[in-house]
Amino acid sequence: MAAVRRWSEGMSSDNVKGLVLALSSSLFIGASFIVKKKGLKKAGASGIRAGSGGYSYLLEPLWWVGMITMVVGEIANFAAYAFAPAILVTPLGALSIIISAALAHIILREKLHTFGILGCVLCVVGSTAIVLHAPPERQIESVTEVWDLATEPGFLFYALLVLTAVFILIFHFVPQYGQSHIMVYIGVCSLVGSISVMSVKALGIALKLTFSGMNQLVYPQTWAFTLVVVTCVVTQMNYLNKALDTFNTAVVSPIYYVMFTTLTILASVIMFKDWDRQNPTQIITEMCGFVTILSGTFLLHKTKDMVDGTSLTSMSMRQLKHEEEDGFDESIPLKRQDSLRIP
(Lines give C-alpha, C1' and ligand atoms only; values in the text may rest on other atoms or scores of the structure.)
Protein backbone atom coordinates (compact mmCIF):
# COMPACT_ATOMS: atom_id res chain seq x y z
CA MET A 1 0.00 0.00 0.00
CA ALA A 2 2.88 2.34 0.78
CA ALA A 3 4.28 1.76 -2.70
CA VAL A 4 0.91 2.49 -4.28
CA ARG A 5 0.58 5.67 -2.18
CA ARG A 6 4.03 6.87 -3.26
CA TRP A 7 3.14 6.08 -6.88
CA SER A 8 -0.17 7.99 -6.74
CA GLU A 9 1.55 10.98 -5.14
CA GLY A 10 4.29 11.00 -7.76
CA MET A 11 2.04 10.42 -10.75
CA SER A 12 1.12 13.60 -12.57
CA SER A 13 -2.52 14.66 -12.86
CA ASP A 14 -2.27 14.33 -16.64
CA ASN A 15 -1.11 10.72 -16.34
CA VAL A 16 -4.01 9.96 -13.98
CA LYS A 17 -6.50 11.41 -16.47
CA GLY A 18 -4.89 9.42 -19.26
CA LEU A 19 -5.06 6.25 -17.16
CA VAL A 20 -8.78 6.61 -16.43
CA LEU A 21 -9.57 7.38 -20.06
CA ALA A 22 -7.48 4.43 -21.27
CA LEU A 23 -9.27 2.01 -18.94
CA SER A 24 -12.67 3.29 -20.09
CA SER A 25 -11.56 2.97 -23.69
CA SER A 26 -10.57 -0.68 -23.24
CA LEU A 27 -13.97 -1.48 -21.74
CA PHE A 28 -15.87 -0.08 -24.73
CA ILE A 29 -13.50 -1.45 -27.37
CA GLY A 30 -13.46 -4.94 -25.84
CA ALA A 31 -17.25 -5.08 -25.94
CA SER A 32 -17.39 -3.65 -29.45
CA PHE A 33 -15.42 -6.62 -30.86
CA ILE A 34 -18.20 -8.96 -29.81
CA VAL A 35 -21.10 -6.79 -30.97
CA LYS A 36 -19.46 -6.19 -34.35
CA LYS A 37 -18.72 -9.90 -34.73
CA LYS A 38 -22.40 -10.69 -34.10
CA GLY A 39 -23.34 -8.10 -36.71
CA LEU A 40 -20.84 -9.49 -39.22
CA LYS A 41 -22.17 -13.03 -38.75
CA LYS A 42 -25.75 -11.86 -39.17
CA ALA A 43 -24.90 -9.83 -42.28
CA GLY A 44 -22.86 -12.68 -43.76
CA ALA A 45 -25.83 -15.02 -43.51
CA SER A 46 -27.80 -12.94 -46.01
CA GLY A 47 -25.08 -11.33 -48.14
CA ILE A 48 -21.42 -11.42 -49.14
CA ARG A 49 -19.14 -11.83 -46.14
CA ALA A 50 -16.68 -9.04 -45.25
CA GLY A 51 -13.85 -11.58 -45.45
CA SER A 52 -14.81 -12.22 -49.08
CA GLY A 53 -14.84 -8.54 -49.96
CA GLY A 54 -18.49 -7.82 -49.23
CA TYR A 55 -19.92 -4.79 -47.45
CA SER A 56 -23.39 -6.07 -46.53
CA TYR A 57 -22.54 -5.44 -42.87
CA LEU A 58 -23.03 -1.73 -43.54
CA LEU A 59 -26.77 -2.44 -43.69
CA GLU A 60 -26.79 -4.39 -40.44
CA PRO A 61 -27.92 -2.31 -37.36
CA LEU A 62 -26.11 -4.59 -34.91
CA TRP A 63 -22.80 -3.93 -36.65
CA TRP A 64 -23.42 -0.19 -36.32
CA VAL A 65 -24.11 -0.60 -32.60
CA GLY A 66 -20.73 -2.26 -32.30
CA MET A 67 -19.15 0.44 -34.43
CA ILE A 68 -20.63 3.21 -32.26
CA THR A 69 -19.36 1.42 -29.15
CA MET A 70 -15.91 1.24 -30.69
CA VAL A 71 -16.06 4.92 -31.64
CA VAL A 72 -16.86 5.84 -28.03
CA GLY A 73 -13.91 3.74 -26.92
CA GLU A 74 -11.65 5.31 -29.53
CA ILE A 75 -12.70 8.80 -28.45
CA ALA A 76 -11.73 7.95 -24.88
CA ASN A 77 -8.50 6.49 -26.21
CA PHE A 78 -7.92 9.60 -28.30
CA ALA A 79 -8.31 11.79 -25.23
CA ALA A 80 -6.01 9.53 -23.20
CA TYR A 81 -3.14 10.09 -25.65
CA ALA A 82 -3.51 13.84 -25.18
CA PHE A 83 -2.77 13.48 -21.46
CA ALA A 84 -0.42 10.52 -21.11
CA PRO A 85 2.49 9.00 -23.06
CA ALA A 86 1.77 6.18 -25.52
CA ILE A 87 3.94 3.80 -23.51
CA LEU A 88 1.36 4.10 -20.70
CA VAL A 89 -1.87 4.25 -22.71
CA THR A 90 -1.29 1.61 -25.38
CA PRO A 91 -0.43 -1.43 -23.19
CA LEU A 92 -3.64 -0.89 -21.20
CA GLY A 93 -5.43 -2.21 -24.26
CA ALA A 94 -4.77 -5.61 -22.64
CA LEU A 95 -7.99 -5.04 -20.72
CA SER A 96 -9.91 -5.07 -23.99
CA ILE A 97 -8.49 -8.54 -24.68
CA ILE A 98 -9.80 -9.82 -21.38
CA ILE A 99 -13.24 -8.33 -21.96
CA SER A 100 -13.34 -9.58 -25.54
CA ALA A 101 -12.27 -13.12 -24.59
CA ALA A 102 -14.76 -13.29 -21.71
CA LEU A 103 -17.68 -12.00 -23.78
CA ALA A 104 -16.74 -14.26 -26.69
CA HIS A 105 -16.95 -17.19 -24.29
CA ILE A 106 -20.34 -16.11 -22.94
CA ILE A 107 -22.07 -14.63 -25.99
CA LEU A 108 -20.40 -16.21 -29.03
CA ARG A 109 -19.86 -19.59 -27.33
CA GLU A 110 -16.17 -19.46 -28.20
CA LYS A 111 -14.66 -21.55 -25.43
CA LEU A 112 -11.99 -20.09 -23.13
CA HIS A 113 -9.54 -22.63 -21.70
CA THR A 114 -8.41 -22.50 -18.06
CA PHE A 115 -4.97 -21.37 -19.20
CA GLY A 116 -6.71 -18.61 -21.11
CA ILE A 117 -7.92 -17.27 -17.77
CA LEU A 118 -4.30 -17.38 -16.57
CA GLY A 119 -3.39 -15.42 -19.69
CA CYS A 120 -5.92 -12.74 -18.71
CA VAL A 121 -4.36 -12.53 -15.24
CA LEU A 122 -0.89 -12.12 -16.75
CA CYS A 123 -2.20 -9.28 -18.92
CA VAL A 124 -3.47 -7.49 -15.82
CA VAL A 125 -0.18 -8.01 -13.93
CA GLY A 126 1.88 -6.77 -16.87
CA SER A 127 -0.33 -3.73 -17.35
CA THR A 128 -0.03 -2.86 -13.67
CA ALA A 129 3.77 -2.99 -13.85
CA ILE A 130 3.77 -0.61 -16.82
CA VAL A 131 1.34 1.81 -15.17
CA LEU A 132 3.44 1.94 -12.00
CA HIS A 133 6.60 2.85 -13.92
CA ALA A 134 5.25 4.94 -16.80
CA PRO A 135 7.24 8.07 -17.75
CA PRO A 136 5.74 11.53 -17.27
CA GLU A 137 4.11 13.16 -20.27
CA ARG A 138 6.43 15.32 -22.39
CA GLN A 139 5.56 19.01 -22.03
CA ILE A 140 4.68 20.41 -25.47
CA GLU A 141 3.60 24.01 -26.06
CA SER A 142 2.68 23.88 -29.76
CA VAL A 143 1.68 21.39 -32.45
CA THR A 144 4.70 22.61 -34.42
CA GLU A 145 6.89 20.96 -31.78
CA VAL A 146 5.20 17.64 -32.52
CA TRP A 147 5.69 18.22 -36.23
CA ASP A 148 9.41 18.80 -35.66
CA LEU A 149 9.57 15.47 -33.80
CA ALA A 150 7.68 13.71 -36.61
CA THR A 151 10.01 15.06 -39.28
CA GLU A 152 13.25 14.02 -37.61
CA PRO A 153 15.26 11.47 -39.66
CA GLY A 154 14.68 8.59 -37.24
CA PHE A 155 10.89 8.73 -37.37
CA LEU A 156 10.79 9.50 -41.10
CA PHE A 157 12.81 6.34 -41.70
CA TYR A 158 10.40 4.33 -39.53
CA ALA A 159 7.36 5.78 -41.35
CA LEU A 160 8.91 4.91 -44.73
CA LEU A 161 9.50 1.31 -43.63
CA VAL A 162 5.88 1.05 -42.41
CA LEU A 163 4.41 2.42 -45.65
CA THR A 164 6.56 0.08 -47.73
CA ALA A 165 5.50 -2.95 -45.68
CA VAL A 166 1.81 -1.97 -45.83
CA PHE A 167 1.82 -1.59 -49.61
CA ILE A 168 3.55 -4.96 -50.03
CA LEU A 169 1.01 -6.63 -47.74
CA ILE A 170 -2.03 -5.05 -49.40
CA PHE A 171 -1.06 -5.55 -53.04
CA HIS A 172 0.87 -8.82 -52.84
CA PHE A 173 -0.05 -10.85 -49.75
CA VAL A 174 -3.71 -9.92 -49.14
CA PRO A 175 -5.01 -11.30 -52.49
CA GLN A 176 -3.11 -14.58 -52.06
CA TYR A 177 -2.99 -15.24 -48.33
CA GLY A 178 -5.53 -12.94 -46.66
CA GLN A 179 -8.14 -15.68 -46.27
CA SER A 180 -5.73 -18.27 -44.84
CA HIS A 181 -3.05 -16.41 -42.85
CA ILE A 182 -4.23 -14.31 -39.92
CA MET A 183 -1.03 -12.23 -39.81
CA VAL A 184 -1.73 -10.59 -43.19
CA TYR A 185 -4.84 -8.62 -42.20
CA ILE A 186 -3.58 -7.95 -38.68
CA GLY A 187 -0.19 -6.89 -40.02
CA VAL A 188 -1.81 -4.13 -42.07
CA CYS A 189 -3.91 -2.98 -39.10
CA SER A 190 -0.96 -2.93 -36.72
CA LEU A 191 1.53 -1.18 -38.98
CA VAL A 192 -0.95 1.51 -39.98
CA GLY A 193 -2.08 1.74 -36.35
CA SER A 194 1.37 2.68 -35.08
CA ILE A 195 1.38 5.70 -37.39
CA SER A 196 -2.20 6.61 -36.56
CA VAL A 197 -1.48 6.65 -32.81
CA MET A 198 1.36 9.12 -33.27
CA SER A 199 -0.94 11.35 -35.34
CA VAL A 200 -3.79 10.91 -32.86
CA LYS A 201 -1.50 11.99 -30.04
CA ALA A 202 -0.39 15.02 -32.05
CA LEU A 203 -3.99 15.97 -32.83
CA GLY A 204 -5.02 15.37 -29.22
CA ILE A 205 -2.27 17.68 -27.98
CA ALA A 206 -3.35 20.31 -30.51
CA LEU A 207 -6.96 20.18 -29.31
CA LYS A 208 -5.94 20.20 -25.64
CA LEU A 209 -3.84 23.32 -26.21
CA THR A 210 -6.65 24.92 -28.22
CA PHE A 211 -9.18 24.35 -25.43
CA SER A 212 -6.71 25.83 -22.94
CA GLY A 213 -6.60 29.08 -24.94
CA MET A 214 -3.69 28.51 -27.34
CA ASN A 215 -5.38 28.04 -30.72
CA GLN A 216 -3.58 25.36 -32.74
CA LEU A 217 -6.17 25.14 -35.53
CA VAL A 218 -4.42 27.96 -37.37
CA TYR A 219 -1.40 25.74 -38.01
CA PRO A 220 -1.40 23.59 -41.20
CA GLN A 221 0.38 20.86 -39.23
CA THR A 222 -2.80 20.26 -37.23
CA TRP A 223 -4.79 19.54 -40.37
CA ALA A 224 -1.99 17.40 -41.80
CA PHE A 225 -2.13 15.20 -38.70
CA THR A 226 -5.94 15.09 -39.04
CA LEU A 227 -5.67 13.82 -42.61
CA VAL A 228 -3.24 11.10 -41.53
CA VAL A 229 -5.57 10.04 -38.71
CA VAL A 230 -8.60 9.73 -41.00
CA THR A 231 -6.68 7.79 -43.65
CA CYS A 232 -5.14 5.39 -41.14
CA VAL A 233 -8.37 4.76 -39.19
CA VAL A 234 -10.35 3.95 -42.36
CA THR A 235 -7.63 1.51 -43.44
CA GLN A 236 -7.49 -0.09 -40.00
CA MET A 237 -11.27 -0.57 -39.79
CA ASN A 238 -11.44 -2.12 -43.25
CA TYR A 239 -8.82 -4.78 -42.58
CA LEU A 240 -9.89 -5.35 -38.99
CA ASN A 241 -13.39 -6.16 -40.25
CA LYS A 242 -11.89 -8.67 -42.67
CA ALA A 243 -9.86 -10.27 -39.87
CA LEU A 244 -12.84 -10.48 -37.50
CA ASP A 245 -15.10 -11.97 -40.15
CA THR A 246 -12.54 -14.56 -41.26
CA PHE A 247 -10.89 -15.67 -38.01
CA ASN A 248 -11.89 -16.40 -34.43
CA THR A 249 -12.39 -13.32 -32.26
CA ALA A 250 -10.48 -14.83 -29.32
CA VAL A 251 -7.47 -15.16 -31.63
CA VAL A 252 -7.75 -11.89 -33.55
CA SER A 253 -7.92 -9.71 -30.42
CA PRO A 254 -4.70 -10.85 -28.68
CA ILE A 255 -2.58 -11.05 -31.84
CA TYR A 256 -3.76 -7.62 -32.95
CA TYR A 257 -3.02 -6.25 -29.49
CA VAL A 258 0.51 -7.68 -29.38
CA MET A 259 1.50 -6.40 -32.83
CA PHE A 260 -0.23 -3.05 -32.47
CA THR A 261 1.20 -2.37 -29.00
CA THR A 262 4.73 -3.42 -29.93
CA LEU A 263 4.83 -1.22 -33.01
CA THR A 264 3.16 1.71 -31.24
CA ILE A 265 5.65 1.65 -28.35
CA LEU A 266 8.49 1.46 -30.89
CA ALA A 267 7.07 4.44 -32.81
CA SER A 268 6.57 6.43 -29.60
CA VAL A 269 10.11 5.73 -28.39
CA ILE A 270 11.47 6.89 -31.74
CA MET A 271 9.27 9.97 -32.12
CA PHE A 272 8.66 11.22 -28.57
CA LYS A 273 11.82 9.74 -27.03
CA ASP A 274 9.90 8.46 -23.99
CA TRP A 275 12.88 6.57 -22.59
CA ASP A 276 15.01 9.71 -22.45
CA ARG A 277 12.99 10.73 -19.38
CA GLN A 278 13.48 7.43 -17.52
CA ASN A 279 16.25 5.58 -15.73
CA PRO A 280 17.36 2.04 -16.72
CA THR A 281 15.40 0.42 -13.86
CA GLN A 282 12.11 1.93 -15.02
CA ILE A 283 12.74 0.95 -18.62
CA ILE A 284 13.60 -2.65 -17.70
CA THR A 285 10.53 -2.90 -15.45
CA GLU A 286 8.31 -1.62 -18.25
CA MET A 287 9.79 -4.15 -20.65
CA CYS A 288 9.24 -6.94 -18.12
CA GLY A 289 5.64 -5.79 -17.76
CA PHE A 290 5.23 -5.79 -21.51
CA VAL A 291 6.74 -9.28 -21.82
CA THR A 292 4.30 -10.44 -19.13
CA ILE A 293 1.43 -9.08 -21.22
CA LEU A 294 2.82 -10.82 -24.30
CA SER A 295 2.95 -14.07 -22.33
CA GLY A 296 -0.68 -13.61 -21.38
CA THR A 297 -1.78 -12.99 -24.95
CA PHE A 298 0.29 -15.97 -26.10
CA LEU A 299 -1.55 -18.18 -23.61
CA LEU A 300 -4.89 -16.89 -24.89
CA HIS A 301 -3.76 -17.68 -28.42
CA LYS A 302 -2.44 -21.18 -27.76
CA THR A 303 -5.24 -22.28 -25.47
CA LYS A 304 -7.72 -21.37 -28.20
CA ASP A 305 -5.87 -23.85 -30.42
CA MET A 306 -6.17 -26.44 -27.62
CA VAL A 307 -9.93 -25.90 -27.43
CA ASP A 308 -10.27 -26.08 -31.22
CA GLY A 309 -8.21 -29.27 -31.28
CA THR A 310 -10.38 -30.88 -28.59
CA SER A 311 -13.53 -29.92 -30.45
CA LEU A 312 -12.15 -31.34 -33.68
CA THR A 313 -11.24 -34.73 -32.17
CA SER A 314 -14.72 -35.02 -30.66
CA MET A 315 -16.41 -34.76 -34.04
CA SER A 316 -17.75 -37.96 -35.59
CA MET A 317 -16.09 -39.51 -38.62
CA ARG A 318 -19.25 -38.80 -40.55
CA GLN A 319 -19.00 -35.07 -39.86
CA LEU A 320 -15.34 -35.00 -40.86
CA LYS A 321 -16.09 -36.75 -44.13
CA HIS A 322 -18.93 -34.33 -44.87
CA GLU A 323 -16.71 -31.30 -44.21
CA GLU A 324 -13.92 -32.68 -46.41
CA GLU A 325 -16.44 -33.06 -49.23
CA ASP A 326 -17.48 -29.43 -48.71
CA GLY A 327 -13.86 -28.31 -49.06
CA PHE A 328 -12.97 -27.96 -45.37
CA ASP A 329 -9.25 -27.26 -44.98
CA GLU A 330 -7.80 -28.64 -41.74
CA SER A 331 -4.53 -26.81 -42.36
CA ILE A 332 -6.07 -23.53 -41.14
CA PRO A 333 -6.74 -24.20 -37.44
CA LEU A 334 -7.43 -20.59 -36.49
CA LYS A 335 -9.97 -19.91 -39.19
CA ARG A 336 -13.69 -20.11 -38.57
CA GLN A 337 -14.92 -23.26 -40.31
CA ASP A 338 -18.07 -21.70 -41.69
CA SER A 339 -16.06 -18.94 -43.38
CA LEU A 340 -14.57 -21.50 -45.76
CA ARG A 341 -17.94 -22.37 -47.24
CA ILE A 342 -19.43 -20.45 -50.13
CA PRO A 343 -22.18 -18.08 -48.84
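Residues take their numbers from the sequence shown, with the count starting at 1. Source: prediction; values computed, not measured.
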Is any side-chain heavy atom of [Y] closer than 4.5 Å to one of [X]?
X: Leu21; Y: Asn77; value: no
X: Ile205; Y: Val143; value: no
X: Thr261; Y: Phe290; value: yes
X: Lys201; Y: Phe272; value: yes

Minimum heavy-atom distance [X]-[Y], with the two atoms named:
X: Val228; Y: Ser199; value: CG1-OG, 3.1 Å
X: Phe33; Y: Leu244; value: CD2-CD2, 3.6 Å
X: Pro135; Y: Glu286; value: CD-OE2, 3.2 Å
X: Gly30; Y: Ile99; value: C-CG2, 3.9 Å
X: Glu74; Y: Ile29; value: OE2-CD1, 3.6 Å
X: Met259; Y: Gly187; value: CE-CA, 3.8 Å

Tell me whether [Y] is reachable from [X] by hopping between hydrophobic residues (I, L, V, M, F, W, Y) whose side-chain heavy atoms are closer than 4.5 Å.
X: Leu191; Y: Leu160; result: no
X: Met237; Y: Val72; result: no
X: Val200; Y: Val233; result: yes
X: Ile87; Y: Ile284; result: no
X: Val174; Y: Val192; result: yes

Please lay out, stage by stage, how Met198 and Val146 fare under the test side-chain contact (heavy atoms from CB on, under 4.5 Å).
CA-CA 9 Å; Met198 298 303 101; Val146 185; over 6 Å; no

[X] side, atom [atom1]; [Y] side, atom [atom2] - distance, nearest 0.5 Å:
X: Tyr81; Y: Leu88; atom1: OH; atom2: CG; answer: 9.5 Å
X: Asp148; Y: Ile140; atom1: CG; atom2: CD1; answer: 10.0 Å
X: Thr231; Y: Ile195; atom1: OG1; atom2: CD1; answer: 12.0 Å
X: Ser96; Y: Leu103; atom1: OG; atom2: CG; answer: 11.0 Å
X: Leu161; Y: Leu156; atom1: CG; atom2: CG; answer: 11.0 Å
X: Ile186; Y: Phe260; atom1: CD1; atom2: CZ; answer: 13.0 Å

Kindly assign one of parallel, tilted or perpendicular to the pair Tyr185 and Phe247, based on the angle between their ring planes and the thresholds 30° and 60°.
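Because their plane-to-plane angle is over 60°, the rings of Tyr185 and Phe247 count as perpendicular.
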
Can you confirm if the aromatic rings of Trp147 and Phe225 lie within a centre distance of less than 6.0 Å?
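They qualify: ring centres under 6.0 Å apart.
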
Looking at [X] and [Y], would you say the former's side chain and the latter's main chain have a donor-acceptor pair under 3.5 Å?
X: Lys36; Y: Ala31; value: no
X: Trp275; Y: Val269; value: no
X: Asn238; Y: Val234; value: no
X: Thr222; Y: Val218; value: no
X: Gln216; Y: Leu209; value: no
X: Ser268; Y: Ile265; value: no
X: Lys17; Y: Phe83; value: no
X: Ser25; Y: Ala76; value: no

Can you check side-chain contact (heavy atoms from CB on, under 4.5 Å) on Leu207 and Phe211, steps first, answer last?
CA-CA 6 Å; Leu207 292 176; Phe211 292 145; 4.3 Å; yes

Going by the side chain to side chain donor-acceptor pair (under 3.5 Å) test, which pairs reach into residues 151-178, not counting sequence neighbours?
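Residue pairs passing side chain to side chain donor-acceptor pair (under 3.5 Å), neighbours aside: Glu152-Lys273, Tyr158-Ser194.
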
Please tabulate, for side-chain N and O atoms in residues 119-132, each donor-acceptor pair with protein atoms closer than 3.5 Å (sequence neighbours left out).
{"from": "Ser127", "atom 1": "OG", "to": "Cys123", "atom 2": "O", "distance (Å)": "2.8"}
{"from": "Thr128", "atom 1": "OG1", "to": "Val124", "atom 2": "O", "distance (Å)": "2.8"}

Go through Met214 and Thr210 one step at a time and tell me if the side-chain contact (heavy atoms from CB on, under 4.5 Å) criterion holds.
CA-CA 5 Å; Met214 295 180 286; Thr210 298; over 6 Å; no

Apply side-chain contact (heavy atoms from CB on, under 4.5 Å) to the pair Lys242 and Gln179, showing each step before the final yes or no.
CA-CA 9 Å; Lys242 292 178 183 293; Gln179 293 289 303; over 6 Å; no

Does a donor on one side chain and an acceptor on the other come within less than 3.5 Å for Gln236 and Ser196?
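Present: a donor and an acceptor within the cut-off.
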
